[in-house]
Engineer: 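One structure follows; several queries about it will come next.
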Amino acid sequence: MLDIELIRKEPEGIKKAIARKGADPALIDEVVLIDRNRRRVLSELERAQSELNRHSKDIANLHGQQKIDAINNAGIWSAKVKELKPEADRSQREFVDIMLLIPNPPLADVIDGASDKENTVNRTVGEISKFSFKPLDHVELGEKLDLIDIERAGKISGSRFYFLKNELVQLEFALAQYAMEILTAEKFVPMITPVLLNREAMTGAGYLPAGEDEIYKTQDDLYLVGTSEQPLAGYHSNEIIDGKNLPLRYAGFSSCFRREAGSHGKDVRGILRAHQFDKVEMFSFCLPENSEKEHEYLVSLEEKIVSGLGLPYQIVNICAGDLGSPAVKKYDVETWMPGQDQYRETHSCSNCTDFQARRLNIRYRDKDGKVAPLHTLNGTAIAIGRMLIAIMENGQQKDGSIKIPEILHKSLNFKEIKR
RNA sequence: GGAAAGGUGGCUGAGCGGUCGAAAGCAGCACACUGCUAAUGUGCUGAGCUCGUAAGGGCUCCGCGGGUUCGAAUCCCGCCCUUUCCGCCA
């Protein structure tokens with residue numbers, strides 16, 4: 001949600017900015033009209049309400065015929081209020097509905113572009129793994145070493161599900177632990193979050209009403225989380241946080257569920273794109289003036305996590321058209337996957353400025369006592385499914401075994417996976 | 001799932017259908033007093049929307065949503081949440 005004051009003040013600027021995201025600038029013209037109408041109706045209602053209050057107040061002290069007259073008189077205003085109320089409610093709803101559809105304008109330094117094709121590589125770190133043999137992909141490795149069973153998952157769940165087996169399960173836990181250790185050392189508060197959220201929380205995080213297709217819904221009107229960003233964003237909803245306690249940083253672990261509705265034929269092989277996976281996510285609530293710095297900080301932690309595992313990666317600048325609705329700027333980390341012979345997205349890090357905070361009503365109080373929306377940011381610490389792929393494919397050896405990154409050795413009772 | 005109690009401002013906690021945005025206490029802030037700390041006194045201390053250049057008005061908010069009424073924190077209905085007991089269960 002944007003600041004309506006800003007829209008009133010400089011509609012043209014916002015139109016241009018959201019157009020860079022591929023949003024329809026006409027939304028702004030529309031919201032300006034709706035806002036104007038809303039305020040007109042509102043002030044009419046409030047005038048009537050004010051009259052009603054004034055008349056009602058006197059009634060208590062009157063008696064006899066005077067009282068009867070006063071009640072009848074007040075009744076006129078009461079009827080007026082009842083008449084105007086539905087209209088005011090309607091225009092308020094109309095206003096909110098459209099406000100929820102307006103995306104957060106990208107920062108000025110975000111590059112132009114319509115889709116991921118225009119994303120640019122910011123920098124590349126680490127040498128691409130070289131093999132004296134033709135590297136297998138994680139599906140072949142998983143079958144050979146009895147680590148992944150996609151076929152049987154199909155029997156019980158359908159496509160885009162998998163069983164993890166044997167050492168890969170231990171590796172999953174070790175990775176979660178590894179990320180948590182790094183983040184708790186940085187004073188992030190570790191969290192395990194709910195994975196079912198009500199509609200309000202999903203809307204607040206910016207994943208609804210757009211994105212309805214992407215989210216699983218239950219018969220109790222609860223939604224399965226696609227990332228623990230969603231519960232973490234809502235954690236402080238409707239709160240006013242003392243500015244001196246910011247930033248508040250959380251590391252959330254959860255399973256993530258995605259319908260992958262729009263991606264039918266895409267990445268159908270293996271576990272890269274699945275309906276369910278586990279992830280450790282970073283989430284930060286911070287002062288508005290610090291959010292750009294915080295963004296770089298979160299990315300630096302992502303890099304620390306990937307490079308600590310000895311994996312080659314690149315940092316990608318996401319172009320305006322490829323940003324999600326809440327983000328004003330986004331970086332992806334793409335990790336090298338030899339089985340695919342390309343870098344693939346394993347991490348994503350977004351600055352959402354006050355977009356989620358406004359929707360979720362999360363504010364801070366500064367030292368002068370002023371209250372204002374704070375900024376939120378999120379970033380992947382480790383998307384475990386994809387990191388498993390990267391470790392398997394990069395660590396494979398000629399004899400068919402997989403060597404495990406050294407940093408994980410202390411939490412595992414094996415240094416390689418072999419049969 | 002069944003039964004009961006309850007949800008009021010940062011916290012504790014009053015609240016009769018009208019003068020309640022809401023007593024009181026605590027915490028916080030400011031000032032005064034005390035040579036310091038403490039204590040004491042006085043005052044201040046919620047948020048949102050809206051009109052206005054401003055000063056300053058108006059409206060809304062006592063879990064959420066409806067209803068009754070000239071008027072609802074207070075009455076009625078529905079829902080949510082919390083606590084306790086029972087049942088079930090990891």
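A note on names: the letters A, B, ... follow the listed sequences, proteins ahead of strands, and every chain is numbered from 1.
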Engineer: Return no unless some side-chain N or O of R365(A) is found under 4.0 Å from OP1 or OP2 of rA47(B).
Structural biologist: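 Looking at the OP1 and OP2 atoms of rA47(B), one of them is under 4.0 Å from a side-chain N or O of R365(A).
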Engineer: Determine the Euclidean distance between corresponding P atoms of rA24(B) and rC49(B); express it in Å to zero decimal places.
Structural biologist: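 So the two P atoms sit 29 Å from each other.
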Engineer: OP1, OP2 of rC51(B) versus side-chain N and O of R39(A): anything below 4.0 Å?
Structural biologist: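 It does, given that an N or O in the side chain of R39(A) lies less than 4.0 Å from OP1 or OP2 of rC51(B).
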Engineer: Taking only the C1' atom of each, what is the distance from rG63(B) to rG6(B) in whole angstrom?
Structural biologist: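 About 11 Å, rounded to a whole number of Å.
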Engineer: For rA5(B) and rU42(B), measure between their P atoms and round to the nearest Å.
Structural biologist: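 Straight-line distance between the two P atoms is 42 Å.
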Engineer: Look through every strand shown and name the nucleotide pairing with rC88(B) as Watson-Crick or G-U wobble, where both distances are under 3.5 Å.
Structural biologist: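 Pairing partner, where one exists within any strand: none, as none qualifies.
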Engineer: Just checking I76(A): base, sugar-phosphate only, or nothing, at a heavy-atom cut-off of under 4.0 Å?
Structural biologist: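 Contact class for I76(A): none.
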Engineer: Can D221(A) and K217(A) be counted as an ion pair, charged N to O under 4.0 angstrom?
Structural biologist: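 The answer is yes: the pair qualifies as a salt bridge.
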Engineer: Under a 3.5 Å cut-off for both contacts, is rC31(B) paired Watson-Crick or G-U wobble with anything, and if yes, with which nucleotide?
Structural biologist: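 Base partner found: rG41(B).
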Engineer: Is the shortest distance from a Lys or Arg side-chain nitrogen in D35(A) or R39(A) to a carboxylate oxygen in the other one below 4.0 Å?
Structural biologist: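 A salt bridge is present here (some side-chain N lies under 4.0 Å from a carboxylate O).
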Engineer: Rounding to an integer number of Å, can you tell me how far D242(A) CG sits from rC29(B) P?
Structural biologist: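 Checked: the CG to P distance equals 12 Å.
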Engineer: Return whichever of I4(A) or L52(A) has its heavy-atom-nearest nucleotide of RNA chain B closer to the 5' end.
Structural biologist: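 Going by which nucleotide is closer to the 5' end, it is I4(A).
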Engineer: Are E260(A) and R273(A) close enough for a salt bridge, meaning some N to O gap below 4.0 Å?
Structural biologist: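 R273(A) and E260(A): salt-bridged.
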Engineer: Just to verify, which of M191(A), M180(A), K279(A), Q177(A) counts as forming a side chain to side chain contact (heavy atoms under 4.5 Å, CB included) with F253(A)?
Structural biologist: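 Only one of M191(A), M180(A), K279(A), Q177(A) forms a side chain to side chain contact (heavy atoms under 4.5 Å, CB included) with F253(A), namely M180(A).
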Engineer: From the options V280(A), V225(A), D278(A), L232(A), select the one residue that forms a side chain to side chain contact (heavy atoms under 4.5 Å, CB included) with S254(A).
Structural biologist: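 Testing each of V280(A), V225(A), D278(A), L232(A) against S254(A), the sole residue satisfying side chain to side chain contact (heavy atoms under 4.5 Å, CB included) is V225(A).
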Engineer: What nucleotide, of rA47(B), rU69(B), rG58(B), holds the atom closest to the side chain of K82(A)?
Structural biologist: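 Looking only at heavy atoms from C-beta outward on K82(A), the closest nucleotide is rU69(B).
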Engineer: Would you tabulate the nitrogen or oxygen pairs shorter than 3.5 Å linking the protein to nucleotides 15-20 of chain B?
Structural biologist:
from	atom 1	to	atom 2	distance (Å)
rG18(B)	N2	S56(A)	O	2.9

Engineer: Taking atom P in both rC11(B) and rC75(B), compute the distance separating them and give it to the nearest angstrom.
Structural biologist: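 Those two atoms are separated by 23 Å.
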Engineer: To the nearest Å, how far apart are N238(A) CG and rG9(B) P?
Structural biologist: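 Computing the N238(A):CG to rG9(B):P distance gives 13 Å.
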Engineer: Identify the residue among F283(A), Y235(A), F188(A) that makes a ring-ring contact (aromatic ring centres under 6.0 Å, His included) with Y250(A).
Structural biologist: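 Going through F283(A), Y235(A), F188(A) one by one, the ring-ring contact (aromatic ring centres under 6.0 Å, His included) with Y250(A) is satisfied by Y235(A) alone.
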Engineer: Checking L100(A) against M1(A) for the side-chain contact (heavy atoms from CB on, under 4.5 Å) test, could you report, in this order, the C-alpha distance in whole Å, the side-chain angles of both residues, the deciding distance, and whether it holds?
Structural biologist: CA-CA 6 Å; L100(A) 288 176; M1(A) 182 118 60; 4.3 Å; yes
Engineer: Below the 4.0 Å mark, does rU60(B) have OP1 or OP2 next to a side-chain nitrogen or oxygen of N53(A)?
Structural biologist: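 Answer yes for this pair, as a side-chain N or O of N53(A) is under 4.0 Å from OP1 or OP2.
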Engineer: With a 3.5 Å limit on both atom pairs, tell me what rG25(B) is paired to, counting Watson-Crick and G-U wobble, or say none.
Structural biologist: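 Partner of rG25(B): rC11(B).
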Engineer: Can you say whether the rings of F285(A) and H236(A) are parallel (under 30°), tilted (30 to 60°) or perpendicular (over 60°)?
Structural biologist: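 Perpendicular.
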Engineer: Under 3.5 Å, is there a donor-acceptor pair linking the side chains of S307(A) and E303(A)?
Structural biologist: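 Their side chains do not contain a donor-acceptor pair, so the 3.5 Å distance test is not met.
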Engineer: With a 4.0 Å cutoff (strictly under), does any side-chain N or O of K85(A) reach OP1 or OP2 of rG67(B)?
Structural biologist: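 No.
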Engineer: Return the pairing partner of rU74(B) with a 3.5 Å limit on both distances, Watson-Crick or G-U wobble; otherwise return none.
Structural biologist: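 No nucleotide pairs with rU74(B).
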Engineer: Which nucleotide in the list rA47(B), rU68(B), rG58(B) gets nearest to the side chain of E46(A)?
Structural biologist: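 So the side chain of E46(A) is nearest to rG58(B).
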Engineer: Mind checking R363(A) for me? I need base, sugar-phosphate or nothing, with any heavy atom below 4.0 Å counting as a touch.
Structural biologist: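 Sugar-phosphate contact only.
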Engineer: Which is true for R8(A) with a 4.0 Å heavy-atom rule: it touches a base, it touches only sugar-phosphate, or it touches nothing?
Structural biologist: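 Sugar-phosphate contact only.
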Engineer: Measure the distance from OH on Y364(A) to C1' on rA47(B) and round it to the nearest whole Å.
Structural biologist: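 It is 16 Å, rounded to the nearest whole Å.
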Engineer: In whole Å, what is the span from the CG atom of N72(A) to the P atom of rU69(B)?
Structural biologist: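 Interatomic distance, CG of N72(A) to P of rU69(B): 14 Å.
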Engineer: Between rG28(B) and rA39(B), how many Å separate the two P atoms, rounded to a whole number?
Structural biologist: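 Each nucleotide's P atom is 10 Å from the other's.
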Engineer: Could you give the distance separating rA54(B) and rG66(B) at their P atoms, to the nearest angstrom?
Structural biologist: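 One P to the other, the span is 33 Å.
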Engineer: Mind checking the C1' distance from rG15(B) to rU74(B)? Whole angstroms is fine.
Structural biologist: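 The answer is 8 Å between these two C1' atoms.
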Engineer: Just to confirm, is there a sub-4.0 Å distance from OP1 or OP2 of rU50(B) to any side-chain nitrogen or oxygen of S43(A)?
Structural biologist: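 Checking rU50(B) against S43(A), no side-chain N or O comes under 4.0 Å of OP1 or OP2.
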Engineer: Figure out the CD/C1' separation between E44(A) and rU50(B), and round it to whole Å.
Structural biologist: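 The distance from CD of E44(A) to C1' of rU50(B) comes to 14 Å, rounded to the nearest Å.
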Engineer: With both distances under 3.5 Å as the test, what is the Watson-Crick or G-U wobble partner of rU82(B)?
Structural biologist: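 Because both required distances fall under 3.5 Å, rU82(B) counts as paired with rA5(B).
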Engineer: Reckon S78(A) has a side-chain N or O less than 4.0 Å from the OP1 or OP2 of rG71(B)?
Structural biologist: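 For rG71(B), OP1/OP2 do have a side-chain N/O of S78(A) under 4.0 Å.
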Engineer: Quantified in whole Å, what is the C1' atom distance between nucleotide rC16(B) and nucleotide rU12(B)?
Structural biologist: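 23 Å, rounded to whole Å.
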Engineer: By nearest atom, which of the nucleotides rG58(B), rU50(B), rU60(B) is closest to the R38(A) side chain?
Structural biologist: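 The answer is rU50(B).
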Engineer: Write down the distance between NZ (K80(A)) and P (rG71(B)), rounded to a whole number of angstrom.
Structural biologist: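 My rounded result for the distance is 16 Å.
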Engineer: Rounded to whole angstrom units, what separation is found between the CG atom of N361(A) and the P atom of rG63(B)?
Structural biologist: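 After rounding, the reported distance stands at 17 Å.
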Engineer: For the pair made of CE in M1(A) and P in rG48(B), what is the distance, rounded to whole Å?
Structural biologist: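 Between P of rG48(B) and CE of M1(A): 14 Å.
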Engineer: Closest approach to the side chain of Q49(A), judged atom by atom: which nucleotide of rA47(B), rU60(B), rC49(B) is it?
Structural biologist: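 Looking only at heavy atoms from C-beta outward on Q49(A), the closest nucleotide is rU60(B).
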Engineer: Find the partner of rC20(B): check Watson-Crick (N1-N3 plus N6-O4 or O6-N4) and G-U wobble (N1-O2, O6-N3) distances, both under 3.5 Å, and reply none if neither fits.
Structural biologist: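 None - no nucleotide pairs with rC20(B), as no candidate has both distances under 3.5 Å.
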Engineer: Around Q66(A), counting heavy atoms of other residues, nucleotides and ligands shown, do more than 12 lie under 6.0 Å from its CD?
Structural biologist: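 Result for CD/Q66(A): open.
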